[in-house]
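One structure is given here, and the rest of the page talks about it.
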Amino acid sequence: MGHFFVTTPIFYVNDVPHIGHAYTTVTADALARWHRLAGDEVFFLTGTDEYGLKIQRAAEDNGRTPQEHADITSARFRETWDLLQITNDDYIRTTEERHRLTVQKLLQRVYDNGFIYSDTYEGPYCVPCEAYYTEAELNDGLCPIHDRPVEEMKEANYFFKLSEFEQPLIDWYEANPEAVGPDVRRNEALGIITQGLRDISITRSSLDWGVPVPWDDDHVFYVWYDALINYATAAGFGSDDDRFAEWWPHVHHLLAKDILRFHCVYWPAMLMAAGLEPPKALSVHGYLQVGGAKMSKTTANQIFPAELVDEFGVDGFRYHFLRDNSFGPDGDFSHEGMLERFNADLANNFGNLVSRVTTVVDKKCDGIGPAPRPDSPLASVAAEVVRDSAAAWEAISPSRALEHTWRLLRETNAFLEANVPWKADPGPEVDAVLGDALEVVRLACILASPAIPNATQAAWERIGLSGQVTDQRIADDAVWGLYPAGLTVAKGDPLFPRLK
RNA sequence: GGCGGCGUAGCUCAGUUGGUGAGAGUGCUCGACUCAUAAUCGAGAGGUCGUCGGUUCGAGUCCGACCGCCGCUACCA
């Protein structure tokens, strides 16, 4: 039994939740649910990032205070996660008091350790990026990211001595080859480091929407620096030492590739500077593209979770994003693909299997479920599937885990065809076959519950089991033969009606 | 320019340290079945494993070159 601390990035309240945010969050949720099944102590954190010039200006444009603006957008993220039945244990907002205290405490330590110094900075500044550029980085005087004019800014800044962490970071990467994955991202991060790190500006004096620098009232921390620290805040840094000791550094960060630099370079360095351990693991995934193009506000091709939930349901939504794209490379979202996957896996396989099994039990066993055979031909398949699915979840490969789980469903459909219990007269032969099939349904409910929590609970109840699927434990319950004889099995409407 | 990655059936992808005839799911065709959500089961068609060359008894799997795509990074403008 271990500790599994999983995080999504905190999402910037300048944006509203779309399927890209949901992709990361649903994955984190499924992993959290899996680890709970595995018997681990789980702490699942998500939240919102609320400081910075962009927020301050967006708020002004809307005639609100920055806090009001953040409150509104943060609530939209929270509502979306509620809709998707995300089981986060905490929801952190960077404007909370607990976060201010932790940021100040942690960065004061970095300051005391001598890794922060004051200097003036002058140069072209892009407001949307909230970053300075060198003249060389500009394209015809425009921001290379946003392709818009930059502003000449000059201010006294505090700088973090990132340059001093070049070698420590390289040493850390070499000592922890599994820390950043997949390999392509690890190489990328290592490349950034080995090409040389410059000190970075971490404060702003030109705005006040941020966490105040404890040793200098005229400054607030640059939004990215306070944001990363949310992970430490929620783990109890500076407020609950016992709790922090329990959860740190057993943290597993999930993130998209655009924020790799911050998470895989700056964050470990900042932790080292504070005398803390870098994260245990950082899993970087790609973008969900739409029709091969990056999803963005400017191209207006964003897709929002609620629209898809209306059509496919919560389970259909979750399943698609977990199963259809392997976690790592860019994936392509298409409505046709989602429909195809829904019908093939959820309607035709999972849902239909539950329907046919419950119907035949109703007809041949008077609706009373018989027991499975200890030596069923499906027993060894089930054991393999449990093993393979577990390994895939551990390896942060939800799509593979579900692929393995679905193998059990396919084999059971073939098993039923081979034994045709619907043609035989009631008796021990039929009972044996149906008992085996019911046992598969029980096991599949456990294994698939991280992805499709509602349908698995419903199926669980249809085959007469009580309690919650989520209360099951892999080691004790995902074992062949535990479905008890004598339960009332109920037919019901299709769990996943086919969609057109 | 440097570093890294990718290119395998229509589609999405698996293919450990090179070794029986190259796989899965999905889609398509045909057949079976009818308990079930026009679901399921079986069979089949479909790939010169980006191209060329090399190492080897033997390469999708190693080496080199090239083509195409992508990521990070640098520089010139």
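So that the names make sense, note that chain A is the first sequence line, chain B the second, and so on, each numbered from 1.
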Starting the side chain at C-beta, find the nucleotide from [options] nearest to [X].
X	options	answer
Q195(A)	A36(B), G71(B), U73(B)	U73(B)
R185(A)	G2(B), G71(B), A36(B)	G71(B)
A347(A)	C35(B), U37(B), C41(B)	U37(B)

Would you write the dot-bracket representation of RNA chain B, where each base gets (, ), [, ], | or . depending on whether it forms a Watson-Crick or G-U pair under 3.5 Å and with which partner?
(((((((..((((.....[...)))).(((((.......))))).....(((((..]....))))))))))))....
When the [atom1] atoms of [N] and [M] are considered, how many whole Å apart are they?
N	M	atom1	answer
G46(B)	C62(B)	C1'	30 Å
U26(B)	G42(B)	P	11 Å
G2(B)	C66(B)	P	11 Å
G27(B)	G44(B)	C1'	14 Å
A43(B)	A59(B)	C1'	32 Å
C6(B)	G47(B)	P	25 Å
G58(B)	U29(B)	C1'	37 Å
C70(B)	U8(B)	P	16 Å

Pairing residues for F317(A) by the ring-ring contact (aromatic ring centres under 6.0 Å, His included) criterion, not counting sequence neighbours
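Only F321(A) meet the ring-ring contact (aromatic ring centres under 6.0 Å, His included) criterion with F317(A).
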Does H285(A) have any ring-ring contact (aromatic ring centres under 6.0 Å, His included) partners at least two apart in sequence or in another chain, and if so, which?
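H285(A) satisfies ring-ring contact (aromatic ring centres under 6.0 Å, His included) with Y23(A), F327(A) once adjacent residues are dropped.
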For [X] and [N], what is the distance between atoms [atom1] and [atom2] respectively, to the nearest whole Å?
X	N	atom1	atom2	value
D258(A)	C70(B)	CG	C1'	16 Å
F342(A)	U37(B)	CZ	C1'	10 Å
L416(A)	A39(B)	CG	P	18 Å
L408(A)	U40(B)	CG	C1'	16 Å
F415(A)	C35(B)	CZ	P	18 Å
N187(A)	C6(B)	CG	P	10 Å
N352(A)	A38(B)	CG	C1'	11 Å
E188(A)	A74(B)	CD	C1'	15 Å

Look at the aromatic rings of F11(A) and F77(A) and report parallel, tilted or perpendicular, splitting at 30° and 60°.
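The arrangement is parallel - the two ring planes meet at less than 30°.
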Take V360(A) and E411(A), find for each the nucleotide of RNA chain B with the closest heavy atom, and name the residue whose nucleotide sits nearer the 5' end.
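Its nucleotide being nearer the 5' end, the pick is V360(A).
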Under a 4.0 Å heavy-atom cut-off, which of residues 422-457 of chain A touch RNA chain B?
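When residues 422-457 of chain A is checked for heavy atoms under 4.0 Å from RNA chain B, the hits, listed by number, are W422(A), K423(A).
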Contact list for RNA chain B against residues 388-402 of chain A - heavy-atom distance below 4.0 Å
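Here the set is R400(A).
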Indicate, with a heavy-atom threshold strictly under 4.0 Å, whether [X] touches base, sugar-phosphate, or nothing.
X	result
L260(A)	nothing
T359(A)	sugar-phosphate
G351(A)	base
K363(A)	sugar-phosphate

Under a 3.5 Å threshold, yes or no: a donor from one side chain and an acceptor from the other, between T8(A) and T24(A)?
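No, no side-chain donor-acceptor contact under 3.5 Å.
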Non-hydrogen side-chain atoms of F415(A) and V433(A) separated by less than 4.5 Å
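They are in side-chain contact.
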Does E188(A) come within less than 4.0 Å of R185(A), counting only side-chain N to carboxylate O?
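Yes.
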Atom pairs, protein N/O to nucleotides 24-28 of chain B N/O, distance under 3.5 Å:
unit_1, atom_1, unit_2, atom_2, d
U26(B), O2', E340(A), OE2, 2.7

E178(A), CD atom: more than 12 neighbouring heavy atoms under 6.0 Å:
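Atom CD in E178(A) is not crowded, with 12 or fewer foreign heavy atoms closer than 6.0 Å.
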Got a donor-acceptor pair under 3.5 Å from the side chain of E417(A) to the base of C35(B)?
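Counting by modelled atom types and ignoring angles, a donor-acceptor contact under 3.5 Å is found here.
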